[in-house]
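Comments concern the structure below.
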Amino acid sequence: LLGSGTSMSRPLTTSTSSPPDQDQPHAAGRFGGRAVLGLVALLVGAVPFLVLWLLVQGSWSPLASLDGEVAADLNQAVSGSPVAVSVLRAVTDLGGTGASVLVTVLATLFLLIRRHRRLAAYVAVTGMGLPVLILLTKYVADRARPVVLDPVVDTPSNASFPSGHAMTAVVTWGV
């Protein structure tokens, strides 16, 4: 430790013949723990997604009717308020392609400037893989959007599950 002139300071040693410090966890141990945590996180996220996907694919009638009712109720709740529609559009834009590209590019540049090359590569690769992930999951699920009588906004023509905006927001802001 570098001291401040007190008697508690001791010089740094650079001896390579001494055994490794037993208090320091080994890299393999840290990796193993992280791998287990990553697997648990994957399962916690993947299992509910797969169950929901199977229910959507099976056209489970309680889910289909709930989906249509919720969409119609939410649409009706905001249809009379242009302010609510504007606020919801702004929040939706935070999960859109433009915000994702901007945040990903700025984060990558910031990390490169700070010389965190591995983190910058992680952010860049995640950002470039996101559109592929969205297209693949939408292709596999191939679920039509719920129809409402008088939509507040124009809806995209692509599949609705999984939500591209939700996935973009979770991945972009999560990274």
Side-chain angles (χ1 to χ4, degrees), residues 33-112 114 116 118-175:
R34 289 179 183 167
V36 169
L37 287 175
L39 179 61
V40 168
L42 178 68
L43 291 175
V44 165
V47 169
F49 177 85
L50 291 174
V51 168
L52 185 57
W53 177 65
L54 289 172
L55 292 173
V56 166
Q57 289 300 98
S59 298
W60 190 49
S61 60
L63 181 63
S65 65
L66 175 69
D67 186 37
E69 291 170 14
V70 168
D73 290 347
L74 290 175
N75 188 69
Q76 185 180 11
V78 299
S79 65
S81 174
V83 173
V85 172
S86 295
V87 168
L88 290 172
R89 277 190 178 152
V91 170
T92 299
D93 288 343
L94 292 175
T97 303
S100 176
V101 169
L102 178 65
V103 168
T104 301
V105 168
L106 290 177
T108 302
L109 290 174
F110 174 79
L111 290 167
L112 286 173
R114 304 278 304 193
H116 296 288
R118 286 177 34 190
L119 284 174
Y122 167 74
V123 171
V125 169
T126 303
M128 290 184 288
L130 180 60
V132 175
L133 178 64
I134 291 171
L135 288 174
L136 285 175
T137 54
K138 283 186 179 283
Y139 175 77
V140 168
D142 192 30
R143 181 181 174 276
R145 295 181 180 278
V147 178
V148 295
L149 293 177
D150 189 22
V152 176
V153 295
D154 294 332
T155 56
S157 60
N158 62 354
S160 71
F161 181 81
S163 166
H165 278 85
M167 190 182 301
T168 300
V170 166
V171 171
T172 301
W173 299 106
V175 165

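This is a predicted model, so every value here is computed, not measured.
Among residues two or more places apart in sequence or in another chain, the side chain to side chain contact (heavy atoms under 4.5 Å, CB included) test is passed with Ala166 by Ser163. Listed by chain and residue number, nothing satisfies the side chain to side chain contact (heavy atoms under 4.5 Å, CB included) test with Arg118 (two or more places apart in sequence, or in another chain). By the side chain to side chain contact (heavy atoms under 4.5 Å, CB included) test, Leu133 is found to be paired with Thr137, Met167, residues two or more places apart in sequence or in another chain being considered. Residues passing the side chain to side chain contact (heavy atoms under 4.5 Å, CB included) test with Ala120, sequence neighbours excluded: Thr108, Leu111, Leu112.
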Listing, residues 93-104 side-chain donor-acceptor contacts under 3.5 Å, not counting sequence neighbours, or none:
residue: Ser100; atom: OG; partner: Thr172; partner atom: OG1; Å: 2.8
residue: Thr104; atom: OG1; partner: Ser100; partner atom: O; Å: 2.7

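Minimum interatomic distance between Val78 and Val85 (heavy atoms only, all atoms of both residues): O-CG2, 3.6 Å.
Taken to the nearest 0.5 Å, the CG atom of Leu42 stands 12.5 Å off from the CG atom of Leu37. Distance check: Leu50 CG to Leu54 CG gives 6.5 Å after rounding to the nearest 0.5 Å.
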